[in-house]
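These notes concern the structure reproduced below.
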Amino acid sequence: MAKRDLIDITDLTVEEINEMLNLADDIVLNPDKYHEKCKYKKLASLFFEPSTRTRLSFETAMLDLGGSVIGFSDANSTSVSKGETVSDTIRVIEQYADIIAMRHPKEGAALVGANACDIPVINAGDGGHLHPTQTLADLFTIRRNKGRLENITIGLCGDLKFGRTVHSLIAALVRYTGIHFVLISPDELKLPGYMKAELDEVGAQWEETASLEHALPKLDVLYMTRVQKERFFNEEDYLRLKDTYILDLEKLAAAKDDMIIMHPLPRVNEIAIEVDNDPRAKYFEQVGNGKTVRMALLLMLLGVEGGLYA
Ligand code: CP
């Protein structure tokens with residue numbers, strides 16, 4: 001049977017995503033059932049770019065399934081520093097591991113890796129492009145808190161130009177019915193035109209505003225993002241834009257009582273610390289959900305549970 005990779009969230013059908021989220025719900029309810037499901041399986045965790053949550057949640061996910069982990073968190077300690085290509089690195093790693101999670105600063109690197117080997121490759125973030133497993137964590141968090149993935153007004157706020165988590169989340173949610181996107185950003189960090197054209201092509205409801213205050217009262221979900229310093233060519237522009245939106249308790253007073261606040265993290269200044277104790281703040285819960293849903297993903301891509309078939 002041909003292997004499956006996860007490079008773009010649209011590599012999964014809506015039915016497969018729903019099945020994965022159901023499996024993640026069962027892992028929360030019955031963790032003991034899964035403790036040995038990946039015994040003797042090895043995850044290669046290849047991080048060519050810094051990460052805290054994604055790397056550690058993938059590694060914990062495999063350990064909680066009874067498997068083991070190899071890999072690196074700094075490409076400078078590998079033969080990449082001697083000039084080895086991504087393709088050759090992946091072809092080497094597939095001799096040792098059963099599945100690969102890979103983050104790389106270059107857009108498309110995970111796809112290159114997937115095409116070079118015969119084991120499943122998971123894109124753990126490629127440059128400013130895509131971050132499909134963050135999207136699985138985001139969908140799981142929305143569904144657990146709102147009870148649905150349909151008929152939601154979601155505000156996406158901050159760096160919509162370079163924010164790969166936003167790009168993947170929009171691509172996923174647009175396939176559910178009744179989603180209304182409110183795109184909140186300064187002019188310089190608007191969602192790329194090609195993505196707005198894609199939203200129009202499928203008849204999605206969306207609006208754009210620069211005002212968080214204006215958008216807040218109508219939202220069911222507020223998804224805050226950091227301005228992506230590492231994607232800017234010019235430090236001056238970053239410094240000018242980085243604090244455009246700061247969510248604090250005063251602003252939050254205008255939001256619905258059951259709105260949830262999400263953030264893929266790391267946070268810089270976008271959410272004041274005082275918001276952390278508000279019951280609507282779900283960003284640390286979102287981190288924990290990321291581990292659970294990555295357990296479900298590993299099980300399904302390895303063919304241990306559920307049906308992900310090519
Ligand atoms: N959300 C996220 O991708 O965080 P890390 O960069 O720490 O993995």
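One-based numbering along the sequence shown. As the structure lists them, so they are numbered: ligands from 1, and atoms in each ligand from 1. All values reported here derive from a predicted model rather than from experimental measurement.
- Given atom 4 (O) of ligand 1, the protein heavy atom at minimum distance is R53 NE, 3.0 Å.
- Between D220 and K256 a salt bridge is recorded (basic side-chain N to carboxylate O distance below 4.0 Å).
- In summary, K106 and D126 do not engage in a salt bridge, as defined by a charged side-chain N under 4.0 Å from a carboxylate O.
- Interface of L265 with ligand 1, defined as ligand atoms under 4.0 Å from a residue heavy atom, comprises 1 (N), 2 (C), 4 (O).
- When each of V227, T244, V166 is paired with D159, the side chain to side chain contact (heavy atoms under 4.5 Å, CB included) condition holds for V227 and for no other.
- The distance from ligand 1 to the heavy atoms of Q134 drops below 4.0 Å at these ligand atoms: 1 (N), 2 (C).
- Nearest non-hydrogen protein atom to atom 3 (O) of ligand 1 is H131 NE2, 2.8 Å.
- Protein heavy atom closest to atom 6 (O) of ligand 1, with residue, atom name and distance, is R103 NH1, 2.8 Å.
- When T54, L56, T165, T52 are ranked by how near their heavy atoms come to atom 7 (O) of ligand 1, first place goes to T52.
- With hydrogens and angles left out, the side-chain atoms of R226 and H263 include no donor and acceptor closer than 3.5 Å.
- Here's the thing with P50: none of its N/O atoms is less than 3.5 angstrom from an N/O atom of ligand 1.
- In terms of polar-atom proximity, defined here as any N/O pair under 3.5 Å, P266 makes no such contact with ligand 1.
- With respect to E208 and K196, a salt bridge is recorded, a charged nitrogen being found less than 4.0 Å from a carboxylate O.
- Polar contact with ligand 1: present for S51 (N/O pair, distance under 3.5 Å).
- Electrostatic pairing of E207 and K218 counts as a salt bridge here, judged by a charged N lying under 4.0 Å from a carboxylate O.
- Hydrophobic cluster membership differs between M102 and V92, with clusters built from Ile, Leu, Val, Met, Phe, Trp and Tyr side chains linked at under 4.5 angstrom.
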